[in-house]
Novice: 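Have a look at the structure that comes next, please.
Below, read A as the first sequence line, B as the second, and so on, with proteins coming before strands; counting in each chain starts at 1.
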There are 2 protein chains.
Amino acid sequence: MQNSEALALTAALLAAAGDLTRRINDGVEARGFEGRPAYGFAFTRLARGGATVTELATHLGVTKQAASQLVDELVRKGYVERRPHPEDARARLIVLTERGWECTRAAEEAAADAVRAWVEVLGEGDVRLLYDRLVRIAPYGPLRPAW
Amino acid sequence: MQNSEALALTAALLAAAGDLTRRINDGVEARGFEGRPAYGFAFTRLARGGATVTELATHLGVTKQAASQLVDELVRKGYVERRPHPEDARARLIVLTERGWECTRAAEEAAADAVRAWVEVLGEGDVRLLYDRLVRIAPYGPLRPAW
DNA sequence: ACGATTTGGTCAAGCTACTTGACCATGACC
DNA sequence: GGTCATGGTCAAGTAGCTTGACCAAATCGT
């Protein structure tokens with residue numbers, strides 16, 4: 001593989017990721033929610049029983065201060081609540097509200113719509129293969145804003 | 001494909017793209033250049049005979065003001081020059097300096113190194129296939145910062 | 001059991017990379 | 001040749017992160 005192709009591969013990845021996130025965000029807004037792409041990724045972490053600010057920060061690949069500010073935003077918009085943590089009095093458990101669950105489902109639907117567009121071009125098998133390969137490359141890396 | 005998988009696919013794309021850009025940027029800095037990831041993508045556009053600020057803006061998916069600021073930065077660091085445009089007195093042609101070419105090559109090498117790590121995991125064929133599929137999905141979309 | 005250190009969280013301030021808005025100079029179009 | 005479009009810059013504003021300081025609760029060492 002030539003050097004110039006390696007940069008092109010990176011560009012293609014970024015373009016694809018940007019395309020998807022934009023479509024999803026548009027879809028979420030079209031369903032009556034206001035937000036930014038980071039919400040969706042926060043939701044995927046919160047959906048499994050809630051999370052602490054620090055856990056969220058790790059998941060998103062930002063400082064805990066930034067995660068805390070994001071949570072402020074989500075609280076203000078009614079998507080999550082800060083509850084006392086059942087096992088650690090220092091920590092707070094961030095959990096989705098009913099509206100938060102609705103927004104999560106909206107994001108999943110929008111994502112499914114966007115991916116469906118890809119499936120029409122590549123076919124189900126290739127999209128699944130793409131996913132499989134990507135997971136093997138960057139299994140659980142933080143979701144940093146990309147460039 | 002289930003809804004939740006669609007979001008996971010997006011996350012995987014972002015993680016992979018973020019991983020690559022980080023590795024490349026580290027590699028470029030290790031080779032003695034200072035910069036940020038956007039430089040590399042600007043260089044790929046400038047490498048083919050230069051470009052105007054507006055063309056660069058389109059390529060990167062930002063406003064022309066933002067592109068102009070990026071060019072300021074690149075000029076300050078000695079990577080590019082603003083020349084009068086040979087065919088349009090309003091425009092300026094942004095071209096790489098010798099140091100700009102060196103940095104471009106460094107970015108390509110770093111990208112090749114990063115991709116090589118992927119090839120070791122997936123094999124050359126799968127990486128090439130990945131690239132092929134990505135290009136078919138998001139052929140020439142702008143390279144927006146991803147989330 | 002108790003002082004020292006670590007960990008979870010927030011407050012405050014600062015910065016980077018973008019945006020929008022205003023503007024000028026040149027080119028394109030009847 | 002006047003009108004509008006296009007390329008570029010200057011200026012100001014903003015979003016979303018960062019670093020640094022700090023407090024309270026938990027954990028560790030002795």
Side-chain angles (χ1 to χ4, degrees), chain A residues 14 18 21-22 25 29 34-43 45-46 49-77 79-95 142-147, chain B residues 14 18 21-22 25 29 34-43 45-46 49-77 79-95 142-147:
Chain A
L14 274 174
T21 42
R22 189 186 44 74
N25 200 49
E29 290 183 348
E34 57 169 351
R36 51 185 174 109
Y39 290 5
F41 299 107
F43 290 165
R45 183 63 188 79
L46 297 175
T52 65
V53 165
T54 300
E55 286 165 348
L56 207 50
T58 303
H59 178 70
L60 297 174
V62 297
T63 60
K64 55 186 182 175
Q65 291 91 324
S68 187
Q69 288 171 19
L70 177 66
V71 170
D72 285 344
E73 238 180 280
L74 292 172
V75 168
R76 207 178 315 125
K77 292 187 176 151
Y79 295 144
V80 307
E81 277 178 7
R82 281 190 170 97
R83 297 224 188 126
H85 195 287
E87 292 158 11
D88 188 335
R90 297 170 301 178
R92 306 213 205 173
L93 194 62
I94 317 296
V95 294
L143 290 173
R144 300 284 354 245
W147 94 26
Chain B
L14 274 174
T21 42
R22 189 187 45 75
N25 200 50
E29 290 183 348
E34 55 170 352
R36 51 186 174 107
Y39 289 6
F41 300 107
F43 290 163
R45 182 65 188 79
L46 297 176
T52 65
V53 165
T54 300
E55 285 166 347
L56 207 49
T58 303
H59 179 71
L60 297 174
V62 297
T63 59
K64 56 185 181 176
Q65 292 90 326
S68 188
Q69 287 172 19
L70 177 65
V71 171
D72 286 344
E73 237 180 281
L74 292 171
V75 169
R76 207 177 315 125
K77 293 189 175 150
Y79 295 144
V80 308
E81 277 177 8
R82 280 191 171 95
R83 297 226 187 122
H85 195 287
E87 292 156 12
D88 188 337
R90 297 170 300 175
R92 307 211 204 174
L93 193 62
I94 317 296
V95 295
L143 290 174
R144 301 284 352 245
W147 95 26

Novice: If you compare every side-chain N and O of B:T52 against the phosphate oxygens of D:dG7 (OP1, OP2), does one of them come in below 4.0 Å?
Specialist: no
Novice: Counting C-beta onward and ignoring hydrogens, is there a side-chain heavy-atom pair between B:V62 and B:L70 closer than 4.5 Å?
Specialist: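 They are not in side-chain contact.
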Novice: Touch check for B:A91, heavy atoms < 4.0 angstrom, all strands: base, sugar-phosphate only, or nothing?
Specialist: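 B:A91: backbone/sugar contact only, no base atoms under 4.0 Å.
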Novice: Answer yes or no: does a side-chain N or O of B:T54 lie under 4.0 Å from OP1 or OP2 of D:dG8?
Specialist: yes
Novice: If you look at every strand shown and take non-hydrogen atoms under 4.0 Å, does A:A89 touch a base, only sugar-phosphate, or nothing?
Specialist: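 It contacts sugar-phosphate atoms only.
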Novice: The test is side chain to side chain contact (heavy atoms under 4.5 Å, CB included); show your working for B:L46 and B:Y79 and say whether it passes.
Specialist: CA-CA 11 Å; B:L46 297 176; B:Y79 295 144; over 6 Å; no
Novice: Provide, to the nearest angstrom, the distance between the CZ atom belonging to A:R76 and the P atom belonging to D:dA15.
Specialist: 11 Å
Novice: Establish, with yes or no, whether the OP1 or OP2 oxygen of D:dG8 is under 4.0 angstrom from a side-chain nitrogen or oxygen of B:R82.
Specialist: no
Novice: Closest approach to the side chain of B:Q65, judged atom by atom: which nucleotide of C:dA25, C:dG8, C:dG21 is it?
Specialist: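 Out of C:dA25, C:dG8, C:dG21, the nucleotide with an atom closest to B:Q65's side chain is C:dG21.
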Novice: Considering only side-chain heavy atoms of A:D88, which listed nucleotide, D:dA25, D:dT9, C:dT26, is closest?
Specialist: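 Out of D:dA25, D:dT9, C:dT26, the nucleotide with an atom closest to A:D88's side chain is D:dA25.
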Novice: Does A:T63 put a side-chain nitrogen or oxygen below 4.0 Å from OP1 or OP2 of D:dC17?
Specialist: no
Novice: Do A:S68 and A:R92 have side chains that approach each other closer than 4.5 Å (heavy atoms only, starting at C-beta)?
Specialist: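 No, side chains not in contact.
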Novice: Where each residue is assigned the nucleotide of DNA chain C containing its nearest heavy atom, which of B:K64 and B:A67 is assigned the position nearer the 5′ end?
Specialist: B:A67
Novice: Test B:E73 against B:K77 for side chain to side chain contact (heavy atoms under 4.5 Å, CB included), laying out the working first.
Specialist: CA-CA 6 Å; B:E73 237 180 281; B:K77 293 189 175 150; 4.0 Å; yes
Novice: Considering only side-chain heavy atoms of B:R36, which listed nucleotide, D:dA26, C:dA17, C:dG21, is closest?
Specialist: C:dA17
Novice: Round to the nearest Å and state the distance from B:L93 atom CG to D:dG7 atom C1'.
Specialist: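 That distance rounds to 13 Å.
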Novice: Could you tell me how far apart B:L70 (CG) and C:dA17 (P) are, to the nearest whole angstrom?
Specialist: 9 Å
Novice: How long is the line joining CZ of B:R83 and P of D:dG7, in whole Å?
Specialist: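 Going from CZ in B:R83 over to P in D:dG7 covers 21 Å.
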Novice: Could you tell me how far apart B:E87 (CD) and D:dG7 (C1') are, to the nearest whole angstrom?
Specialist: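 Result: 14 Å.
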Novice: Round to a whole Å and report the spacing from CD of A:E73 to P of C:dT10.
Specialist: 14 Å
Novice: What's the CZ-P distance between A:R92 and D:dC23, to the nearest Å?
Specialist: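 Spelled out: CZ on A:R92 to P on D:dC23 is 17 Å.
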Novice: With respect to the side chain of B:R90, which nucleotide from D:dA25, D:dA5, C:dT19 is positioned closest?
Specialist: D:dA5
Novice: To the closest 0.5 Å, what do you measure between CZ (A:F43) and CG (A:L56)?
Specialist: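 One gets 10.0 Å once the value is rounded to the nearest 0.5 Å.
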Novice: Tell me the interatomic distance from A:K77, atom NZ, to D:dA15, atom P, rounded to whole angstroms.
Specialist: 10 Å
Novice: Pick the closest DNA chain D nucleotide for B:A51 and for B:Q69 by heavy atoms, then say which residue is nearer the 5' end.
Specialist: B:A51
